Amino acid sequence: MQLTKYHCAEHDNRQHEFICYQCNSLMCSRCIVTHSNEHPDHSLQYEHIDDIRQSLNNLYPTDSDNNNNTNNNNNNNDTESKFNKNVRFTINSLWRSLKTSSSKYQSLSTSESDITQHFDQLRQYINNEEQKLKQSITNDKDTVFNQMDNDLNHLKHIVNIVSLNNKLQNDNNNNQCKEEEEEEDVNTSAMIESIASSSSVQSFIKDNRQSLQLVSQSNNDIEDSLRQNNNSKSTLLLDVIYNYNNQFKTKTTDNKNNNNNLVSSYEVTTKPIDFEPLNSMIEQSIKLTKIEPSTYILSTHRAKGATLINLSNNSTAEEIKADFDFFGTFQSVVTVGEYIYIFGPGDNPNKWMKFSIKTKSIEHIGEIEGEDHCFYKSVCYDGLDHIYLISGREFSESDQTYSARMDRLNINTMKIERCPDLPELCGYQVSSMIYNGQLYSLSMKNSWLYQYDLATSKALPEYYNYIKAFSACHDNNGNFYIFDEEEKRFARFNVETKEVTELSFVEPHDAYLMYHRESPTSSFIYSMGGNHGNFKYSIEENRSEPFYPNDKLDRICCASAVIKF
C-alpha cells in the first residue's frame with residue numbers, strides 16, 4: 001500500500017482516524033493515547049472521522065436552530081460531533097455578519113443614491129464636488145464589500161464539505177449521481193440582493209447552491225480525488241476538513257473582529273436648489289454628515305438611578321431616574337449593541353432589565369423563573385444570541401451560600417433558559433468571559449479560574465491563577481484584569497498562556513472594574529466608586545488618574561458599563 005501524509009508516521013500500517021481540534025493534528029487509533037497523555041488539556045478536543053461523517057448528514061441548521069430553540073440544541077449535544085457544533089456556530093455567526101453587512105451596504109447605497117440624484121441637476125458644474133462627498137461612503141462600501149466577500153468564501157468552504165460528504169455517502173455514486181451543472185460565474189455584488197431577500201441561511205444556500213460551489217464535484221472529479229487518496233472516502237473527507245481548518249483556524253467572526261464595526265453611518269439632507277448665485281447654491285444645497293458614535297459610561301448608584309457620562313464630550317453627564325435597585329449588580333452587567341443588560345439586584349435576584357442608550361430609558365424589565373436564584377451573578381455575552389448568567393450568592397440571613405446554577409438569556413426571544421449546572425464553585429464569581437468557545441469565570445477572593453466548554457456542556461478542571469480576585473474585568477480577547485484587595489495588587493492574567501503581568505494601579509476604596517478599548521492603540525480600565533473615588537487606568541501607559549471628580553453618589557456594588565452609540 002502506498003503511504004501518504006494521511007498515514008501515521010509512527011504506525012505506517014494505520015490510517016489517520018482522529019483529528020485534534022486544539023492543535024489540528026491527525027492521528028491513528030494507537031497514537032491517540034500518546035497524544036492524550038502528552039496533552040491532557042486536549043482530551044475534549046479530538047474526534048473520530050466516523051462521528052464527524054455521521055453528524056455531517058444533519059449539519060445544516062433547521063428553522064428551529066435559527067430561532068435558537070435551545071431544547072433541540074441540548075438534545076443534540078450528546079450525538080452531534082464537535083466539528084459540527086463548531087461549524088454550526090460559525091454558520092450562524094457568518095449569517096449574522098452577512099445580514100448586518102447586507103443591511104449596512106444597502107443603507108450606504110441609499111445615501112449614495114440620494115447624493116447622485118441631487119447632483120444630476122448640477123452635473124456639468126459640480127462633478128468634482130460630488131465625487132469628494134461620495135468618497136467616504138465609497139470607502140466604507142468597499143470595507144463592507146470585502147467583509148462580505150471574505151464571509152461568503154468561508155461559507156462556500158463549509159457548503160462544499162457538506163456537499164462532498166453527501167456525495168460520498170451514496171455507495172453507488174458513480175452509477176446513480178448525475179453530473180453537476182457548470183459552476184455559475186456569480187460575484188459578490190450579485191449575492192448582496194440574494195442575502196437581503198433570503199429569510200434564513202438555509203434558503204440562501206438552497207437558492208445559490210451552484211454559486212456557492214468552489215470546485216466541481218462531478219463523478220469524474222470525485223473519482224480522481226478518491227484515487228489520489230487510495231480510494232478512501234474517509235481520507236478524502238479528512239483531507240478537505242484538514243485544509244479547511246488550516247485556512248480558517250485563525251479567523252473569527254466575533255463582533256470585535258468584524259469590519260462593520262469600523263464603518264460609519266451617514267445622513268444625507270437636501271433642500272430646494274437655488275441656481276443663482278451658483279457658488280452659494282453648490283455650498284448650501286447638499287450636506288453630507290458622517291455620524292460618529294459617542295462613547296458613554298452608564299454608572300448606576302444606590303439611589304435607584306444612573307449617571308450617563310459622555311466620554312466623547314468632555315465627560316458631560318446627565319442623571320437618569322429608574323425604578324430599579326442596582327445594589328449587588330456590579331459584575332452582573334453586559335452591553336450588546338445599543339443595549340445594556342443588568343441582572344439580579346439585591347432586593348430581587350430574579351429581576352433583570354434592558355436599558356437602551358438610544359432612548360436613554362429602560363425598555364424592558366423581566367423575571368427569571370424559579371426559586372433558587374441568587375444575586376451577585378457574573379454575566380458574559382457570547383457575541384451572538386445569548387448572555388450567560390453564572391453562579392452567585394444565595395439569600396440567607398444566617399450564612400452565605402453559593403449557587404452552581406447557570407442560565408442564559410436569548411436576546412432575540414427575551415427568554416431565559418436553564419443550562420447544565422457548573423461544578424460546586426468556591427464563592428461567587430467576579431468576572432466571566434467567553435473566548436474561543438470556552439467560558440472562563442473568576443471566583444471572588446480566591447485564586448481559582450473555572451473553564452466551561454460551551455460546545456460539549458462540560459466543565460474542565462479549574463486552575464490556579466496566583467491572584468486573589470476582589471474584582472476583575474476582561475477584554476474579550478483572553479485577558480483578565482484582576483484587582484487583589486488584600487495584597488493591593490493589580491495584574492493581567494492570560495487564560496491561554498497562564499502568564500501574569502503585574503500592573504500599576506491606584507485603587508479607590510472598592511475597585512469595581514470595566515474595560516474599554518478606545519482605539520486600536522488605546523485602551524482603558526475604569527473604576528466607578530462614586531463618593532469613594534473614580535479612576536481611569538491606561539493599559540498602554542500603565543498609569544491611572546482620577547476620573548469624574550466630585551462625585552457625591554454611592555456607587556459601591558452597583559453596575560457600570562461602557563457603551564458606544
Side-chain angles (χ1 to χ4, degrees), residues 297-302 304-306 322-336 339-355 357 362-370 372-382 386-395 400-411 414 416-419 422 425 427-434 439-445 450 452 469-474 476 480-483 510-515 526-530 554-563:
I297 289 179
L298 182 76
S299 182
T300 64
H301 50 74
R302 301 284 289 272
K304 287 193 173 183
D323 186 17
F324 196 87
D325 182 5
F326 294 103
F327 178 69
T329 61
F330 65 96
Q331 77 276 56
S332 308
V333 57
V334 68
T335 61
V336 181
Y339 298 105
I340 299 174
Y341 295 81
I342 301 177
F343 298 85
D347 69 336
N348 192 343
N350 285 36
K351 186 180 294 186
W352 64 277
M353 60 151 282
K354 176 182 177 182
F355 178 88
I357 191 65
I362 297 176
E363 292 199 350
H364 181 83
I365 294 180
E367 293 284 338
I368 308 173
E369 297 181 358
D372 57 342
H373 285 284
C374 50
F375 56 98
Y376 288 174
K377 296 179 180 70
S378 179
V379 303
C380 55
Y381 174 50
D382 68 0
H386 292 98
I387 297 171
Y388 284 79
L389 287 63
I390 303 101
S391 183
R393 192 177 109 187
E394 297 177 353
F395 178 77
Q400 294 184 6
T401 57
Y402 303 97
S403 171
R405 173 168 176 165
M406 182 165 70
D407 301 86
R408 66 178 188 176
L409 168 69
N410 186 311
I411 61 175
M414 305 289 279
I416 291 182
E417 53 214 18
R418 185 75 176 258
C419 297
L422 296 168
L425 299 176
Y428 55 87
Q429 310 302 291
V430 297
S431 185
S432 300
M433 165 179 59
I434 294 175
L439 191 155
Y440 298 91
S441 188
L442 278 169
S443 292
M444 183 169 188
K445 292 188 176 180
Y450 295 87
Y452 183 82
F470 174 78
S471 64
C473 62
H474 60 81
N476 271 320
F480 280 105
Y481 293 85
I482 307 171
F483 171 59
D510 288 304
Y512 301 105
L513 311 178
M514 53 184 167
Y515 175 89
Y526 290 89
S527 173
M528 300 299 296
D554 187 354
R555 306 183 190 275
I556 295 299
C557 290
C558 295
S560 293
V562 182
I563 187 168

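Numbers for residues simply follow the sequence, beginning at 1. Remember, predicted model here, so these are calculated numbers, not experimental data.
Aromatic ring pairs are classed by plane angle as parallel below 30°, tilted from 30° to 60° and perpendicular above 60°; the pair H474 and F480 is perpendicular. Between F326 and F324, the two ring planes are tilted [angle within 30° to 60°].
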Verdict with supporting geometry, I390 and Y450, side-chain contact (heavy atoms from CB on, under 4.5 Å): CA-CA 11 Å; I390 303 101; Y450 295 87; over 6 Å; no

Determine, step by step, whether I365 and M353 satisfy the side-chain contact (heavy atoms from CB on, under 4.5 Å) criterion, reporting the C-alpha distance in whole Å, the side-chain angles of both residues, the deciding distance to 0.1 Å, and the verdict. CA-CA 4 Å; I365 294 180; M353 60 151 282; 4.1 Å; yes

Worked verdict on I342 versus F355 for side-chain contact (heavy atoms from CB on, under 4.5 Å): CA-CA 8 Å; I342 301 177; F355 178 88; 5.9 Å; no

Give the C-alpha distance, both sets of side-chain angles, the deciding distance and a yes or no for side-chain contact (heavy atoms from CB on, under 4.5 Å) between R405 and R418. CA-CA 8 Å; R405 173 168 176 165; R418 185 75 176 258; 3.2 Å; yes

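Of all heavy-atom pairs spanning V430 and A469, the tightest one is CG2-CB, 3.9 Å. Minimum interatomic distance between S443 and Q429 (heavy atoms only, all atoms of both residues): OG-NE2, 3.0 Å. Nearest heavy-atom pair, S471 versus L513, reported as atom, atom and distance to 0.1 Å: OG-CG, 3.8 Å. Between C558 and D554, the shortest heavy-atom distance links the atoms SG-O, 4.4 Å. A pairwise comparison of heavy atoms in S299 and R555 identifies O-NH1, 2.8 Å as the closest pair.
Between atom SG of residue C473 and atom CE of residue M514 there is a gap of 9.0 Å, rounded to the nearest 0.5 Å. Distance check: L442 CG to Q331 CD gives 11.5 Å after rounding to the nearest 0.5 Å. For the atom pair SG (C419) and OH (Y388), the distance works out to 5.5 Å, reported to the nearest 0.5 Å. Atom CD1 of residue I416 and atom CG of residue D407 lie 6.5 Å apart, to the nearest 0.5 angstrom. Distance check, rounded to the nearest 0.5 Å: CZ of R302 to CD1 of I556 gives 8.5 Å. Once rounded to the nearest 0.5 Å, the distance linking OG1 of T335 with CG of L298 reads 10.5 Å.
Considering only heavy atoms from C-beta on, K304 comes within 4.5 Å of D325 through its side chain. Between Y376 and M444, the closest side-chain pair of non-hydrogen atoms is not below 4.5 Å. Taking 4.5 Å as the limit, some side-chain heavy atom of V333 sits within range of a side-chain heavy atom of I340. The closest side-chain heavy-atom distance from Y339 to I411 is not below 4.5 Å. Using a 4.5 Å heavy-atom cutoff, the side chains of M414 and W352 are in contact.
A donor-acceptor contact shorter than 3.5 Å links the side chain of S332 to the backbone of K377. With hydrogens and angles disregarded, no donor-acceptor distance shorter than 3.5 Å links the side chain of S432 to the backbone of C380.
For F483 and Y512, the gap between ring centers reaches or exceeds 6.0 Å.
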